[in-house]
Amino acid sequence: MDADGYTHEIEVKNMCMVADVPEFNIENIEMNLKEYVCQDCGNKFKGLGNSVICPACKSSNVEIVS
Ligand SMILES: [Zn+2]
């Protein structure tokens, strides 16, 4: 019979197993998001963390909009 096909079926089943990930708290993350404006291209975006870069031009020359 088709031995290769059988092996492939087993692999797919293993890959489809979902990892037991703890629930992600989206509300907490959104509370920590700050609005930034890029000083280089004027793009406004929401960012998180200390090393925020503009998603449009990859500049780190951004300021928090308060
Ligand atoms: Zn920019």
Side-chain angles (χ1 to χ4, degrees):
M1 297 293 275
D2 194 351
D4 284 334
Y6 180 74
T7 307
H8 182 69
E9 197 175 311
I10 300 285
E11 280 173 3
V12 169
K13 271 185 192 167
N14 284 338
M15 282 171 65
C16 285
M17 280 170 62
V18 180
D20 202 3
V21 184
E23 249 183 80
F24 221 64
N25 196 333
I26 292 173
E27 281 181 27
N28 265 351
I29 291 172
E30 291 203 333
M31 274 171 57
N32 289 324
L33 279 177
K34 294 189 175 87
E35 200 170 327
Y36 291 83
V37 60
C38 175
Q39 301 298 296
D40 284 353
C41 73
N43 181 41
K44 278 188 182 173
F45 58 97
K46 287 195 172 142
L48 180 65
N50 295 321
S51 53
V52 177
I53 60 165
C54 171
C57 69
K58 313 293 184 202
S59 169
S60 58
N61 188 16
V62 297
E63 268 187 12
I64 294 175
V65 181
S66 51

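Counting starts at 1 for both ligands and their atoms, following the listed order.
For a distance threshold of 2.8 Å, the protein N, O or S atoms nearer than that to the Zn ion (ligand 1), listed by chain and number, are Cys38 SG, Cys41 SG, Cys54 SG, Cys57 SG.
Taking each heavy atom of Val37 and Gly42 in turn, the nearest pair found is CG2-O, 3.9 Å.
With sequence neighbours left out, the side-chain contact (heavy atoms from CB on, under 4.5 Å) criterion links Asp40 to Cys38, Cys57, Ser59, Asn61.
Grouping Ile, Leu, Val, Met, Phe, Trp and Tyr residues whose side-chain heavy atoms lie under 4.5 Å apart, directly or via other members, places Val52 in a hydrophobic cluster with Tyr36, Phe45, Val62, Ile64. Side-chain contacts under 4.5 Å among hydrophobic residues (ILVMFWY), followed directly or transitively, place Ile53 with no other residue at all.
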